[in-house]
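Lettering follows sequence order; numbering is per chain, from 1.
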Amino acid sequence: MKIATWNVNSLRVRLPHLLPWLAANAPDVMCLQETKCEDETFPAAELAAAGYRTLHHGQRTYNGVAILSRAAGGAACRGIPAFEDPQSRVIAADFDGMRVVSVYVPNGQSVGSDKYAYKLRWLEALREWLRAELAAHPKLAVLGDFNVAPEDRDVHDPKAWEGQVLASAPEREALRGVLGVGLADAFRLFEQPEKSYTWWDYRMGAFRRNLGLRIDHVLLSPALASGCASCTIDAAPRRLERPSDHAPVMCEVAA
DNA sequence: ATGGTAGAAACTCTA
């Protein structure tokens, strides 16, 4: 079974990249972030024509998360149940005994800002919810844009990024807390090329110079990690004209 | 030095 995640940075703009990517890679489940549209304007018909059912937790202008799937999902959940949040950042559903969660963790803007405090609170709430989800669903996969580079090797210039948002110690600690409920970073289950990143700033020719961060992740419970066959970043869509600033991440798990 | 690019939407905010 192939599961994947991609922060598309506007689904409407990126549909011409997403549809060919789905056709070429054929994920069974695809998590999206930053759809930036309301449920009413979600391109469900175009995705249905491509063979995908859709679950969306939409929002106008900002945020918005979705799960696309070949088969119908069950027990869909929008948001973190015990966390009041006006922003659409989480959607989850069951697929044949596997619980899949699509997350868009707050960016945090800058260390010490209100948005940074919200990000840390948000990651705590996510951690506690996932602890309960894992107890209820041994096959748990959490995919999305976590807006945290876990280690220095996930940052193109660790010195320059030291203490900065996306790489600061409290954010890394918060992400370690999420992993600590019993989830593995699927990408690091395998040997990977050095300087592997999933996000490159649009500015300063960052992608051309590979000035990136690895902030999009696939987290797997032990039952899924033990049967995980691969986890790869596909940088190809970042080279297209008018790309998302993020690359998709694909992961093969036992069916 | 606080730039620069992109998206949505409305002349600004978020990333």
Side-chain angles (χ1 to χ4, degrees), chain A residues 5-19 21 31-44 46-47 56-66 79 83 85-91 102-123 126 143-150 154-157 159-168 170-172 174-175 197-217 233-249:
Chain A
T5 182
W6 195 1
N7 179 325
V8 290
N9 187 17
S10 172
L11 181 53
R12 182 162 331 286
V13 171
R14 230 60 69 191
L15 203 56
H17 292 182
L18 176 62
L19 292 173
W21 195 89
C31 297
L32 303 179
Q33 300 84 37
E34 286 205 88
T35 60
K36 294 188 174 178
C37 64
E38 291 174 305
D39 293 343
E40 291 72 29
T41 52
F42 187 83
E46 291 92 328
L47 290 162
H56 188 222
H57 185 29
Q59 185 180 335
R60 171 187 155 101
T61 311
Y62 304 117
N63 311 312
V65 285
F83 186 75
D85 191 357
Q87 306 188 18
S88 299
R89 296 183 172 279
V90 168
I91 188 165
S102 178
V103 301
Y104 176 45
V105 175
N107 169 282
Q109 196 167 59
S110 60
V111 173
S113 68
D114 289 350
K115 292 189 177 70
Y116 183 78
Y118 163 65
K119 177 180 195 171
L120 295 180
R121 282 200 313 276
W122 200 97
L123 280 166
L126 179 70
L143 303 87
D145 177 1
F146 286 77
N147 269 316
V148 181
D154 302 309
V155 178
H156 70 89
D157 185 347
K159 273 282 188 289
W161 280 85
E162 189 176 2
Q164 300 299 306
V165 74
L166 310 185
S168 74
E171 292 166 85
R172 287 178 169 177
L175 180 59
Y197 309 123
T198 64
W199 171 82
W200 303 260
D201 199 295
Y202 282 122
R203 297 166 288 191
M204 310 297 285
F207 180 69
R208 180 175 49 76
R209 300 153 66 199
N210 197 28
L211 307 182
L213 303 180
R214 192 176 70 90
I215 58 176
D216 299 84
H217 307 301
I233 298 164
D234 181 9
R238 188 64 177 78
R239 298 186 190 97
L240 299 173
E241 225 176 294
R242 245 189 139 189
S244 168
D245 45 351
H246 294 253
V249 183

task = Describe, in one word, how the ring planes of A/Trp6 and A/Trp21 are oriented to each other, choosing from parallel (under 30°), tilted (30 to 60°) and perpendicular (over 60°).
result = tilted

query = 5'-most contact on DNA chain B: A/Gln109 or A/Tyr202, nearest heavy atom basis?
reply = A/Tyr202

message = Ring-plane angle category for A/Phe207 and A/Trp200, please: parallel below 30°, perpendicular beyond 60°, tilted otherwise.
response = perpendicular

query = Over how many whole Å does the gap from A/Glu34 atom CD to B/dA8 atom P extend?
reply = 10 Å

ask   = Rounded to the nearest Å, what distance is computed from the CG atom of residue A/Leu211 to the C1' atom of nucleotide B/dG4?
value = 13 Å

task = Identify which nucleotide among B/dA15, B/dA8, B/dG7 has an atom closest to any side-chain atom of A/Asn107, counting heavy atoms from C-beta outward.
result = B/dA15

request  = Apply the side-chain contact (heavy atoms from CB on, under 4.5 Å) test between A/Ser102 and each candidate in A/Val65, A/Asp145, A/Thr5; give the one that qualifies.
outcome  = A/Val65

Using the 3.5 Å cut-off, write out each protein N or O paired with an N or O of nucleotides 1-3 of chain B and the distance between them.
none

request  = Would you please confirm or rule out a distance under 4.0 Å between OP1 or OP2 of B/dA10 and any side-chain N or O of A/Arg60?
outcome  = yes

inquiry  = Please report the distance, rounded to the nearest Å, between CD in A/Glu241 and P in B/dT5.
reply    = 16 Å

request  = Figure out the CZ/C1' separation between A/Arg14 and B/dA8, and round it to whole Å.
outcome  = 12 Å

task = Starting at atom OH of A/Tyr62, determine the distance to atom C1' of B/dA15, rounded to an integer number of angstrom.
result = 10 Å

inquiry  = What is the separation between atom OH on A/Tyr116 and atom C1' on B/dA15, rounded to the nearest whole Å?
reply    = 17 Å

message = Does A/Tyr104 reach a base, just sugar-phosphate, or nothing at all? Heavy atoms under 4.0 Å.
response = sugar-phosphate

task = Anything under 30° is parallel, anything over 60° is perpendicular, the rest tilted; go ahead and classify A/Phe83 against A/Trp122.
result = perpendicular

Rounded distance in Å between the P positions of B/dG4 and B/dA10 = 24 Å

Residue closer to the 5' end of DNA chain B, A/Met204 versus A/Thr35 (nearest nucleotide) = A/Met204

request  = Check whether the side chains of A/Glu38 and A/Thr41 place a donor and an acceptor atom closer than 3.5 Å, and report yes or no.
outcome  = no

query = With a cut-off of under 6.0 Å to the ring centre and 45° to the axis, is A/Arg89 in cation-pi contact with A/Tyr104?
reply = yes

inquiry  = Check this one for me: any side-chain N or O of A/Arg12 less than 4.0 Å away from OP1 or OP2 of B/dA8?
reply    = no

query = Can A/Asp201 and A/Arg203 be said to form a salt bridge (Lys or Arg N to Asp or Glu O under 4.0 Å), step by step?
reply = CA-CA 5 Å; A/Asp201 199 295; A/Arg203 297 166 288 191; 2.8 Å; yes

inquiry  = Using the P atom as the point on both nucleotides, what is the distance between B/dT5 and B/dA9, in whole Å?
reply    = 22 Å

Euclidean distance for C1', B/dA1 against B/dT12 (whole angstrom) = 23 Å

note = Between CG of A/Asn63 and C1' of B/dG7 the distance, given in whole Å, is 13 Å

message = Looking at A/Lys36, is its backbone amide N or carbonyl O close enough to the side chain of A/Ser10 to form a donor-acceptor pair, meaning the two atoms are under 3.5 Å apart?
response = no

Distance, C1' atom - from B/dT2 to B/dA8, rounded to whole angstrom = 24 Å

task = Figure out the CD/C1' separation between A/Gln33 and B/dG7, and round it to whole Å.
result = 16 Å

